[in-house]
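These numbers come from a predicted model, not from an experiment. All residue numbers in this chain count up from 1 along the given sequence.
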Amino acid sequence: MSELDPASAFDATAWTAMFLGLFSVFASIGALRQRGAWQRLVAEVERSPALQMISGVAEMAAGAAIYLANPWLPGDILACVMKFIGGLMVLEALVVAGFSDIYFHFWLKNLAFMHRAWAIVTLLIGAALTVAGSLHFS
């Protein structure tokens, strides 16, 4: 009887895709249920330098964890996608830290007209990540 290698029993790519996907699905459901919720959230963050910094730090931590947990394996498309998403999150966190006034103003204007569209796109991306993550388990 062979013992399982703990490293091979844990699939970081599958778990990060599923957790990020589930979060995205439920965040978009909340946004669709409460019209204008994301716009109010962004407006609140835009008014508070403390919330801007906390948002940047939280996204930096999450993005770095996703980036570092997923190897760049050209044969594993999901791992590459997750590494790319983690890298984008890190870049966005840096933009939030350095240009939050411009960045949050951009999103406020954008969400005013396309709130439902962004929520639906987020729902679709989240569902795709959740399914891909669940199929990635071996």
Side-chain angles (χ1 to χ4, degrees):
M1 189 169 180
S2 66
E3 293 186 35
L4 283 177
D5 176 21
S8 67
F10 179 73
D11 188 342
T13 297
W15 285 110
T16 55
M18 281 193 49
F19 285 138
L20 185 59
L22 287 170
F23 180 81
S24 298
V25 166
F26 282 88
S28 61
I29 289 170
L32 290 169
R33 286 185 56 247
Q34 301 172 14
R35 183 153 178 77
W38 286 354
Q39 189 176 8
R40 289 190 306 276
L41 181 145
V42 172
E44 198 171 303
V45 173
E46 183 187 43
R47 289 190 300 272
S48 172
L51 286 177
Q52 292 169 6
M53 190 59 66
I54 290 168
S55 297
V57 167
E59 187 169 21
M60 176 64 81
I66 291 170
Y67 183 86
L68 293 171
N70 290 282
W72 186 264
L73 301 171
D76 186 348
I77 295 171
L78 184 59
C80 294
V81 166
M82 292 308 297
K83 189 163 203 76
F84 181 73
I85 289 172
L88 284 179
M89 290 172 71
V90 167
L91 288 174
E92 186 177 38
L94 295 173
V95 170
V96 166
F99 304 97
S100 56
D101 55 335
I102 298 166
Y103 187 71
F104 287 110
H105 184 71
F106 164 79
W107 277 109
L108 266 180
K109 288 171 54 176
N110 195 311
L111 286 171
F113 301 107
M114 297 181 12
H115 175 267
R116 188 168 175 81
W118 276 115
I120 291 169
V121 167
T122 301
L123 179 71
L124 294 173
I125 291 170
L129 285 174
T130 302
V131 169
S134 66
L135 294 175
H136 199 270
F137 288 109
S138 27

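A donor-acceptor pair under 3.5 Å is formed between the side chain of Thr16 and the backbone N or O of Thr13. With Ser28 contributing its side chain and Val25 its backbone, the two residues share a donor-acceptor pair below 3.5 Å. The closest donor-acceptor contact from the side chain of Arg116 to the backbone of Ala31 lies at 3.5 Å or more, if one exists at all. With hydrogens and angles ignored, the 3.5 Å screen pairs a side-chain donor or acceptor of Gln52 with a backbone N or O of Glu46.
With hydrophobic clusters built from ILVMFWY side chains whose heavy atoms lie under 4.5 angstrom apart, Met89 does not share a cluster with Phe106. The hydrophobic clustering, which links ILVMFWY residues whose side-chain heavy atoms are closer than 4.5 Å, places Leu32 and Phe23 apart. Linking ILVMFWY side-chain heavy atoms closer than 4.5 Å, directly or via other members, places Phe137 and Phe19 in a single hydrophobic cluster. In the hydrophobic clustering of ILVMFWY residues, with side-chain heavy atoms under 4.5 Å counting as a link, Trp118 and Val95 come out together. There is no path of hydrophobic side-chain contacts, each under 4.5 Å, that joins Leu73 to Val81.
Minimum heavy-atom separation, Ala17 to Gly133: CB-CA, 3.9 Å. Pro71 approaches Ala69 most closely through the heavy-atom pair CD-O, 3.6 Å. Considering every non-hydrogen atom in both Ala27 and Trp38, the closest pair reads O-CZ2, 3.6 Å. Ala64 and Val90 get closest at one heavy-atom pair: N-CG2, 3.6 Å. The two atoms that bring Tyr67 and Gly87 nearest to each other are CD1-N, 3.7 Å, heavy atoms only.
With contacts defined as side-chain heavy-atom distances shorter than 4.5 Å, the pair Val96/Phe104 qualifies. Counting heavy atoms from C-beta outward, Asp76 and His136 have side chains that approach closer than 4.5 Å. Within the 4.5 Å cutoff, no side-chain heavy atoms of Met18 are placed close to those of Leu129. Within the 4.5 Å cutoff, no side-chain heavy atoms of Ser24 are placed close to those of Ile125. Side-chain contact between Trp107 and Val45 is absent, with no heavy atoms from C-beta onward closer than 4.5 Å.
Remark: Ile77 CD1 is loosely packed, at most 12 non-hydrogen atoms of other residues, nucleotides or ligands lying under 6.0 Å away. Other residues, nucleotides and ligands place no more than 12 heavy atoms under 6.0 Å from the CZ atom of Phe26.
Separation of atoms NE2 (His115) and CD1 (Ile120) is listed at 10.0 Å; rounding is to 0.5 Å. Here CG of Leu20 is found 6.0 Å from CD1 of Ile85. Values are rounded to the nearest 0.5 Å. Distance check: Met82 CE to Leu78 CG gives 6.5 Å after rounding to the nearest 0.5 Å. Rounding to the nearest 0.5 angstrom, the gap separating the CG atom in Leu41 from the OG atom in Ser55 is 7.5 Å. Atom CG of residue Leu68 and atom NZ of residue Lys83 lie 6.5 Å apart, to the nearest 0.5 angstrom. With values rounded to the nearest 0.5 angstrom, Gln34 atom CD is found 14.0 Å from Gln39 atom CD.
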